[in-house]
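Shown next, in structure tokens, is the structure this report addresses.
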Amino acid sequence: MTAMGRVGVLLLNLGGPEQLQDVRPFLYNLFSDPEIIRLPFAWMQKPLAWMISTIRYKKSQENYKAIGGGSPLRRITEEQALALQGSLQEKGQDIRVYVGMRYWNPFTEEAVAKIKRDQIEQLVILPLYPQFSISTSGSSFRVLEKLWQQDPSLQKIDYTVIPSWYNRPGYLQAMVELIAQEIAHCENPEQVPIFFSAHGVPVSYVEEAGDPYRDEIEGCTAAIMQTLNRPNPHVLAYQSRVGPVEWLKPYTEEAIPELAEQGVKELVVVPISFVSEHIETLEEIDMEYRELAEESGIEKFHRVPALNTHPVFINDLAEMVIEALDAPNIKFSDVAHPGKQTKMYPQERWEWGLTTTAEVWNGRLAMLGMMAILLEIITGQGPLHFVGLL
Ligand SMILES: C=CC1=C(C)c2cc3[nH]c(cc4nc(cc5[nH]c(cc1n2)c(C)c5CCC(=O)O)C(CCC(=O)O)=C4C)c(C)c3C=C
Ligand SMILES: [Fe+2]
Ligand SMILES: [Fe+2]
């Protein structure tokens with residue numbers, strides 16, 4: 001499509017609780033998403049989301065308290081939107097930028113309502129995740145796809161999707177600038193290991209559902225190292241595991257002490273799956289992993305800041321949008337997402353419940369299932385873990 005008429009950009013992001021009282025409903029929204037936890041029966045989703053959010057929110061609130069009582073994600077994402085709009089303006093493009101969050105305000109649905117109200121005719125859909133995952137960009141695309149299916153007026157919009165963009169030159173350049181700045185004030189800039197910490201996903205997403213996330217994370221890390229063009233060793237590990245299933249390895253919390261054992265005294269940590277500061281950079285890396293590193297014997301722990309509104313990054317986003325307007329459209333249906341039958345968790349053992357007697361079994365299993373889930377959540381090693389459900 002070529003830019004003409006009213007043009008908009010929809011930035012997609014996860015969203016985060018702005019105040020402590022938002023934490024519980026935010027977690028409820030997150031765990032209600034079948035792209036985050038997929039269960040064999042849809043009826044289990046909401047009760048499970050309710051239970052997990054009820055059990056988890058106090059711990060989660062503690063973490064948000066430690067970073068000032070809420071997530072900075074909305075503020076930063078809105079700053080990025082404004083900066084992108086300005087950058088597009090400078091390039092002679094009169095384009096409106098909208099923000100749609102998956103689990104908190106401003107919700108994706110509200111952004112779409114604004115896009116309709118403004119009578120946008122051409123739309124570039126740009127997730128703020130450099131790498132694609134079913135659980136992030138994929139989940140937001142799924143929401144949009146549903147809205148589109150229900151609304152003929154949205155179907156008139158000439159839209160295109162940017163599925164992922166981790167190998168964009170401006171993004172890589174901006175990352176490398178931030179990494180080089182951090183390395184410059186290390187004690188031993190030539191040898192300090194660069195530790196890429198990506199947000200994890202369950203292994204089953206990649207190996208069973210075909211999530212390209214691990215490939216894209218590895219591709220991103222390699223591209224950053226190549227652009228950096230320095231001899232420093234590097235490591236890639238995955239952080240923020242939740243629940244008892246296996247997630248992508250190595251785990252950050254195991255890789256840090258391992259490096260310490262190998263005699264590493266100084267480390268530069270680079271968060272790579274997210275372009276804004278958020279709870280997992282400000283609390284998990286800056287507080288928890290820093291403490292872990294220091295206890296393990298790493299004396300100097302550096303953390304590369306998130307891109308936020310880095311001008312080289314914002315400029316690249318603007319170029320990406322302009323290029324997308326001229327390129328062939330990419331539709332929701334073109335983007336990798338798991339088929340309806342894809343099992344996020346091994347569930348062969350549940351299949352016998354999906355036959356004609358499903359309703360009968362559903363009733364019986366309902367009580368049993370909730371008990372099992374409760375036990376699982378409390379102990380982390382309950383019966384659902386045993387059958388491979390969690
Ligand atoms: C690219 C980044 C992310 C991936 C991939 C991802 C997958 C994923 N996340 C959970 C569970 C939780 N995520 C939570 C918060 C959270 N997640 C991301 C990013 C990715 N998640 C961000 C940036 C944030 C923080 C938002 C903010 O407040 O700033 C949380 C809640 C926080 C907590 O209680 O610890 C949970 C839970 C799963 C299960 C998953 C993949 C399946
Ligand atoms: Fe997450
Ligand atoms: Fe530093």
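Each ligand, and each atom within it, is numbered from 1 in the order the structure gives. Values reported hereafter were calculated over all heavy atoms of this structure, with side chains retained and with hydrogens, waters and symmetry mates removed. The first residue in the sequence is number 1, and the count goes up from there.
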For Y57, does the six-membered ring have the charged nitrogen or CZ of R24 within the cation-pi criterion, i.e. under 6.0 angstrom from the centroid and within 45° of the normal? yes
Check whether any N or O atom of S60, backbone or side chain, sits under 3.5 Å from an N or O atom of ligand 1, and answer yes or no. yes
Provide the number and element of each atom of ligand 1 under 4.0 Å from a heavy atom of F31. 37 (C)
With backbone taken as N, CA, C and O and side chain as the heavy atoms from C-beta onward, which portion of L27 lies under 4.0 Å from ligand 1: side chain, backbone, both, or neither? side chain
Would a single hydrophobic cluster contain both L126 and Y213, if residues Ile, Leu, Val, Met, Phe, Trp and Tyr are joined by side-chain heavy-atom contacts under 4.5 Å? yes
If the contact criterion is a heavy-atom separation under 4.0 Å, does W104 count as touching ligand 1? no
Per-residue contact class, I36 against ligand 1 - non-hydrogen pairs under 4.0 Å: both
Single-linkage hydrophobic cluster I183~M225, side-chain heavy atoms < 4.5 angstrom: yes
Just let me know how Y238 lines up against ligand 1, side chain, backbone, both or neither, with a heavy-atom cut-off below 4.0 Å. neither
Could you tell me which residues satisfy side chain to side chain donor-acceptor pair (under 3.5 Å) with K114, sequence neighbours excluded, listed by chain and number? none
For ligand 1, which atoms, with element, lie under 4.0 Å from some heavy atom of S273? 1 (C), 2 (C)
Under 4.0 Å to a heavy atom of V201 - the qualifying atoms of ligand 1, by number: 5 (C)
To atom 5 (C) of ligand 1, the nearest of T136, I37, I76 on a heavy-atom basis is T136
Close approach of Y103 to ligand 1, heavy atoms, under 4.0 angstrom: no
Side chains of F141 and I125 in contact at under 4.5 Å (non-hydrogen atoms): yes
Contacting atoms of ligand 1, where contact means under 4.0 angstrom from a heavy atom of Y129: 1 (C)
Would you say the ring centroid of F332 lies under 6.0 angstrom from that of Y159? yes
Heavy-atom distances under 4.0 Å are what count here, so tell me which part of P72 touches ligand 1: side chain, backbone, both or neither. neither
Quick check on contacts: which atoms of ligand 1 are under 4.0 angstrom from a heavy atom of F274? 23 (C)
Tell me whether ligand 1 is touched by Y57 - counting only heavy atoms on the residue side and a distance under 4.0 Å. no
Ranking G70, G16, S71 by closest non-hydrogen atom to atom 29 (O) of ligand 1, top hit is S71
To which of K59, Q131, H199 does the heavy atom nearest atom 21 (N) of ligand 1 belong? H199
Count the heavy atoms belonging to other residues, nucleotides or ligands that lie under 6.0 Å from NZ of K146, then report whether that count exceeds 12. no
Cluster question for you: counting only ILVMFWY and a side-chain heavy-atom cut-off of under 4.5 Å, with indirect links fine, are F26 and I67 together? yes
Please verify whether a non-hydrogen atom of G15 lies at under 4.0 Å from ligand 1. yes
Counting each atom of ligand 1 from 1 as listed, which ones have a heavy atom of I279 under 4.0 Å away? 25 (C), 27 (C), 28 (O), 29 (O)
With heavy atoms under 4.0 Å as the rule, classify the contact between S135 and ligand 1 as side chain, backbone, both or neither. side chain
Can the ring centres of Y251 and Y238 be said to be less than 6.0 Å apart? no
Can you check whether S137 reaches L12 side chain to side chain, under 4.5 Å on heavy atoms? no
If you group Ile, Leu, Val, Met, Phe, Trp and Tyr by side-chain heavy-atom gaps below 4.5 Å, do V23 and L282 land in one group? yes
Any nitrogen or oxygen of Y64 lying under 3.5 Å from a nitrogen or oxygen in ligand 1? Just yes or no. yes
Check whether more than 12 heavy atoms from other residues, nucleotides or ligands sit under 6.0 Å from atom CD of Q226, and answer yes or no. no
Ligand 1 atoms nearer than 4.0 angstrom to some heavy atom of W247 are 38 (C), 39 (C), 40 (C), 41 (C)
Output all residues satisfying ring-ring contact (aromatic ring centres under 6.0 Å, His included) with Y64, sequence neighbours left out; order by chain, then residue number. none
Residue L30 vicinity, atoms of ligand 1 by number, heavy atom under 4.0 Å: 11 (C), 12 (C), 13 (N), 14 (C), 36 (C), 37 (C)
Heavy-atom closest pair, residues T160 and P328: OG1-O, 4.1 Å
Any non-hydrogen atom of P17 lying under 4.0 Å from ligand 1? yes
